Amino acid sequence: MERTKINVLLNLEKTPGPVLIKGWVRTKRDSKEFCFLEINDGSCLKNIQVIAQNDLANYPDIQTITTGTSVAVTGPLSPSPGKGQKWEVPATDIDIISLAPESYPLQKKRHSDEFLRTIAHLRPRTNKYGAGFRLRSEMAFAIHKFYKEQGFRYLTAPLITGSDCEGAGEMFRVTSLDPKTVKEQGKMDFTADFFGQESNLTVSGQLSAEMFALALGDVYTFGPTFRAENSNTSRHVAEFWMLEPEMAFCDLKESMDHGETLVKYLTRHAMEECPEDMALFTSFVDKSLPKRIDTLLNTPFARISYTQAIDILQKSNKKFDFKVDYGTDLQSEHERFLAEEYFKTPVFLTDYPKEIKPFYMRVNDDGKTVAAVDLLVPQIGELIGGSQREERLAVLKNRMAEMNLPMEKYWWYLDSRRFGSVPHSGFGMGFERFLMMLTGISNIRDVIPFPRTPGSIDF
RNA sequence: UCCCCAGUAGCUCAGUUGGCAGAGCAAUUGGCUGUUAACCAAUGGGUCCGCGGUUCAAGUCCGUGCUGGGGAGCCA
């Protein structure tokens, strides 16, 4: 008989008769004459209830079944006389595939997130992490679906890069040099290295995406990104996934429109495709989740300039640890105030002073600010960071000179402004941060399968 | 990297002015009426994070290191 997945069985209207299910035992409840087994196969949050009577030939073996044991069960799908489930399977045959010994670390109780991180290879077997990683999979799919519908092309940007100044933080060096040789020579001889020059893991696919936007029109990259920053917070990891749309003939406002449409689309997709998993997050992670989802779906995001934000912050009676000053970047407490207390919605912040932003952002007509945009969301902080790009060659070169960037290394980037340059815009959205917002999970380490953080790369 | 907090049974934690190491859950064994993290009973289980110090005596006080968490900076 062919195996049927549990999510399929539980959604059936009438019984197909005998079925074969395969999965892992979540819990066993014994009585004198029989026992109940809760089987989960990862296809959905719910378990299916199996009843094993003591007339089964291998009942003595069945009695040794522990939490975590893998089994194959045959029996008719039957209406359950008990409360709590529509269907159950009175077993005619139970094949124990592999027993989990008593040392199996997952128990029939709630574990702390900190403990589960130490067994990250087993945590997807729990309800919460199973739900989280099913949702992560569904959201990755939804991103591609959205961009397919919007007529975008998917760009797989390189992960190893030769440009050393993508401008988004410390990079991980990529080298094939022998550490012994480096030690003997007292330095790294990059001319002898694999690429004949310094190379690093990418911190952003943006520069590649710009080149392709100016060829294919609207493109997006979606893939892993690496930051060697020594960041120890609940919102940073060294390896994370980032979505980066880049759109030709697009200004900052249109870019914001796109970002808002994107966030609303993905949120709606999560609610429609993963209602059970989303309900679990409301019950066990964040009771205020429905309210936040409702705001995401139904409220227009606020949009203000950096200058207006400074004004709002200065006129508020709120006491901040850090002073609010025009010209300095906003502190976390300022961003939180704007998103969580003042607007109580996600808020786009635009037009920052050029001194605190990278070289590629378009200089505004005031000559002082650039067409940058951050999307600040309650609880998370910065979800999206982007800009309209500087498309004017002379202005761009000026900016690079101001910031002492090695122009010759960017010859190919500057070429895009030499040959048919057009206004274009784009942004980066942290995939994990989006998942945090959607689930209420407060630590980024818990929405990525195997988190990489300073001093920690187990699994 | 900086500031703060924590580390005691497999897990979650309690442990009083420094004086015999504790609970709940889990596990094991047995019981049980269709149970829903089933229930009832019994049993086993400890490098009190490591190192050093103070003391008659340290889980408890002091120093230091490690690990984890919260916050800040950097950012997505």
Side-chain angles (χ1 to χ4, degrees), chain A residues 26-38 46-53 63-64 66-68 78 80-85 88 90 100-119 126-127 166-170 202-206 222 224-244 259 284 320-322 328-336 356-358 374-377 380-386 427-437 442-448 453-456 458:
Chain A
R26 281 292 176 80
T27 176
K28 177 163 70 86
R29 294 183 288 272
D30 281 307
S31 275
K32 194 178 186 181
E33 314 265 312
F34 56 91
C35 66
F36 296 100
L37 297 170
E38 295 280 342
K46 285 193 179 129
N47 308 320
I48 195 160
Q49 177 165 284
V50 168
I51 294 89
Q53 291 285 348
Q63 285 181 299
T64 69
T66 49
T67 300
S78 312
S80 175
K83 284 175 188 165
Q85 61 278 319
E88 63 181 24
E102 59 185 83
S103 57
Y104 184 64
L106 292 173
Q107 301 170 4
K108 295 181 284 187
K109 60 172 234 169
R110 290 186 74 176
H111 290 288
S112 67
D113 293 322
E114 290 80 8
F115 170 68
L116 290 171
R117 258 171 241 152
T118 69
I119 50 167
T126 65
N127 286 339
E166 286 175 353
E170 289 294 309
T202 185
V203 293
S204 162
Q206 180 198 318
F222 178 45
T225 313
F226 308 89
R227 304 277 168 92
E229 298 285 353
N230 188 13
S231 296
N232 294 286
T233 83
S234 55
R235 300 180 308 284
H236 293 85
V237 275
E239 178 186 298
F240 65 99
W241 279 57
M242 188 154 64
L243 165 68
E244 293 178 284
F284 295 108
F320 294 112
D321 291 335
F322 291 88
T328 60
D329 215 346
L330 298 181
Q331 304 287 321
S332 285
E333 56 174 345
H334 305 145
E335 298 182 345
R336 272 204 309 274
I356 56 173
K357 288 292 177 183
D374 285 351
L375 178 63
L376 310 178
V377 299
I380 311 296
E382 188 176 339
L383 175 67
I384 281 174
F427 59 78
M429 181 179 87
F431 188 47
E432 285 77 18
R433 288 196 181 167
F434 179 77
L435 292 173
M436 290 168 75
M437 180 178 73
S442 58
N443 194 311
I444 197 168
R445 296 172 183 88
D446 299 332
V447 295
I448 193 165
T453 50
S456 171
D458 289 337

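Note that the structure is a prediction, hence the values are computed from the model and not measured. In what follows, chains carry the letters A, B, and so on, assigned in the order in which the sequence lines appear, proteins first and then strands, with residues in each chain numbered from 1.
Distance check on atom P: B/rU43 versus B/rC25 gives 15 Å, rounded to whole Å. Comparing the P positions of B/rA58 and B/rG18 gives an interatomic distance of 13 Å, to the nearest angstrom. Annotation: B/rC20 and B/rC61 have their P atoms spaced 16 Å apart (nearest Å). A distance of about 15 Å separates the C1' atoms of B/rU8 and B/rG24, rounded to the whole Å. Straight-line distance between the P atoms of B/rU12 and B/rA27: roughly 16 Å, to the nearest whole Å. Comparing the P positions of B/rU67 and B/rC62 gives an interatomic distance of 22 Å, to the nearest angstrom. To the nearest whole angstrom, the two P atoms, one in B/rC40 and one in B/rC32, are 16 Å apart. Remark: the separation of the C1' atoms in B/rG50 and B/rC66 is 7 Å, to the nearest Å.
Using a 4.0 Å heavy-atom cutoff across all strands shown, A/Asp321 reaches no nucleic acid atom at all. No contact: A/Gly84 has no heavy atom under 4.0 Å from any strand. Among the protein residues, A/Phe36 comes within range of the nucleic acid bases, having at least one heavy atom under 4.0 Å from a base atom. Nucleic acid contact for A/Ser80: base, since at least one base atom lies under 4.0 Å from a heavy atom of the residue. Using a 4.0 Å heavy-atom criterion, one finds that A/Gln53 contacts no nucleic acid atom at all. A/Val237 comes within 4.0 angstrom of a base, heavy atoms only. Contact annotation for A/Leu243: no contact, since no heavy-atom pair falls under 4.0 Å across all strands. Here A/Pro105 lies out of heavy-atom contact (under 4.0 Å) with every strand. Using a 4.0 Å heavy-atom distance criterion, A/Ile380 is classed as making no nucleic acid contact.
To the nearest 0.5 Å, the span separating CD on A/Glu88 from CG on A/Leu37 amounts to 11.5 Å.
Taking only side-chain nitrogens and oxygens, A/Ser31 never comes nearer than 4.0 Å to OP1 or OP2 of B/rU33. Residue A/Asn230 places no side-chain N or O under 4.0 Å from the OP1 or OP2 atom of B/rC2. Between A/Arg235 and B/rA72 there is a side-chain N or O to OP1 or OP2 distance below 4.0 Å. For the pair A/Gln49 and B/rU35, the criterion of a side-chain N or O lying under 4.0 Å from OP1 or OP2 is not met. Distances shorter than 4.0 Å separate some side-chain N or O of A/Arg117 from OP1 or OP2 on B/rG69. Contact annotation: A/Arg29 side-chain N/O to B/rU35 OP1/OP2 distance is not under 4.0 Å.
Taking the side chain of A/Glu229 as heavy atoms from C-beta on, and the options B/rC74, B/rC32, B/rC11, the nearest nucleotide is B/rC74. Distances from the side chain of A/Lys83 to the nucleotides B/rA76, B/rU36, B/rA72 place B/rU36 closest. In this structure, of B/rA37, B/rG68, B/rA72, it is B/rA37 that holds the atom nearest to the side chain of A/Lys108. Listed nucleotides B/rG73, B/rA76, B/rG10 differ in distance to A/Gln331; the shortest reach to its side chain belongs to B/rG73. Out of B/rC25, B/rC32, B/rC75, the shortest distance to the side chain of A/Lys109 is found at B/rC25. Distances from the side chain of A/Ser234 to the nucleotides B/rU28, B/rG71, B/rC75 place B/rG71 closest. Residue A/Thr27 places its side chain closer to B/rA38 than to any other of B/rG70, B/rC75, B/rA38.
For B/rC61, the paired base is B/rG53 (Watson-Crick or G-U wobble, both distances below 3.5 Å). For B/rA21, there is no paired base (Watson-Crick or G-U wobble, both distances below 3.5 Å). Base pairing of B/rG45: no nucleotide in any strand meets the Watson-Crick or G-U wobble criterion (both distances under 3.5 Å). Under the Watson-Crick or G-U wobble criterion, with both distances below 3.5 Å, B/rU1 is paired with B/rA72. Pairing partner, B/rA6: B/rU67, with both Watson-Crick or wobble hydrogen-bond distances short of 3.5 Å.
In the interface, the side chain of A/Arg26 is not paired with the base of B/rA37 through any donor and acceptor atom under 3.5 Å apart. No hydrogens or angles were tested; on distance alone, a donor-acceptor pair under 3.5 Å links the side chain of A/His236 to the base of B/rC75. For B/rU35, its base sits under 3.5 Å from the side chain of A/Gln85 at one donor and acceptor pair at least. Residue side chain A/Glu102 does not reach the base of B/rG10 through any donor-acceptor N/O pair under 3.5 Å, judged by distance alone. Checked by distance alone, A/Asp30 brings no side-chain donor or acceptor within 3.5 Å of a matching partner on the base of B/rU35. Side-chain to base pairing of A/Arg110 with B/rC25: no donor and acceptor N or O lie closer than 3.5 Å to each other. Checked by distance alone, A/Ser231 brings a side-chain donor or acceptor within 3.5 Å of a matching partner on the base of B/rC74.
Between the side chain of A/Ser80 and the main chain of A/Gly82, a donor-acceptor pair closer than 3.5 Å is present. With hydrogens and angles disregarded, a donor-acceptor distance shorter than 3.5 Å links the side chain of A/Lys28 to the backbone of A/Gln63. Put simply, the side chain of A/Gln206 never gets that close to the backbone of A/Glu244: no donor and acceptor are under 3.5 Å apart.
Each of A/Glu114 and A/Glu333 lies near RNA chain B, and the nucleotide nearest A/Glu114 is the one positioned closer to the 5' end. The nearest heavy atom of RNA chain B to A/Glu432 and to A/Ser442 marks one nucleotide each, and the one closer to the 5' end goes with A/Ser442.
Shown are A/Phe434, A/Phe222, A/Phe431; of these, the ring-ring contact (aromatic ring centres under 6.0 Å, His included) with A/Trp241 is made only by A/Phe222. Of the listed residues (A/Leu330, A/Val377, A/Ile380), just one forms a side chain to side chain contact (heavy atoms under 4.5 Å, CB included) with A/Glu335, and that residue is A/Leu330. Partner of A/Arg445 under the side chain to side chain contact (heavy atoms under 4.5 Å, CB included) criterion, chosen from A/Arg117, A/Arg235, A/His236: A/Arg117. A salt bridge (charged side-chain N to carboxylate O under 4.0 Å, His left out) with A/Glu38 is found for one member of A/Arg29, A/Lys46, A/Lys108 and no other, namely A/Arg29.
Summarising the geometry, the separation between CZ on A/Phe322 and P on B/rC74 is reported as 9 Å, rounded to the nearest angstrom. In this structure, A/Leu106 atom CG and B/rC25 atom C1' are separated by 15 Å, rounded to whole Å. Rounded to a whole Å, the CE atom of A/Met242 is 7 Å from the P atom of B/rA76. To the nearest angstrom, P of B/rC74 lies 14 Å from CD of A/Glu170. A/Glu335 has its CD atom 8 Å from the P atom of B/rG73, to the nearest Å.
You cannot call A/Phe34 stacked on the base of B/rG34; the centres under 5.5 Å and planes under 30° rule is not satisfied.
Counting heavy atoms from C-beta on, the side chains of A/Asn127 and A/Arg26 come closer than 4.5 Å. The side-chain heavy atoms of A/Asp113 and A/Asn443, taken from C-beta on, include no pair separated by under 4.5 Å.
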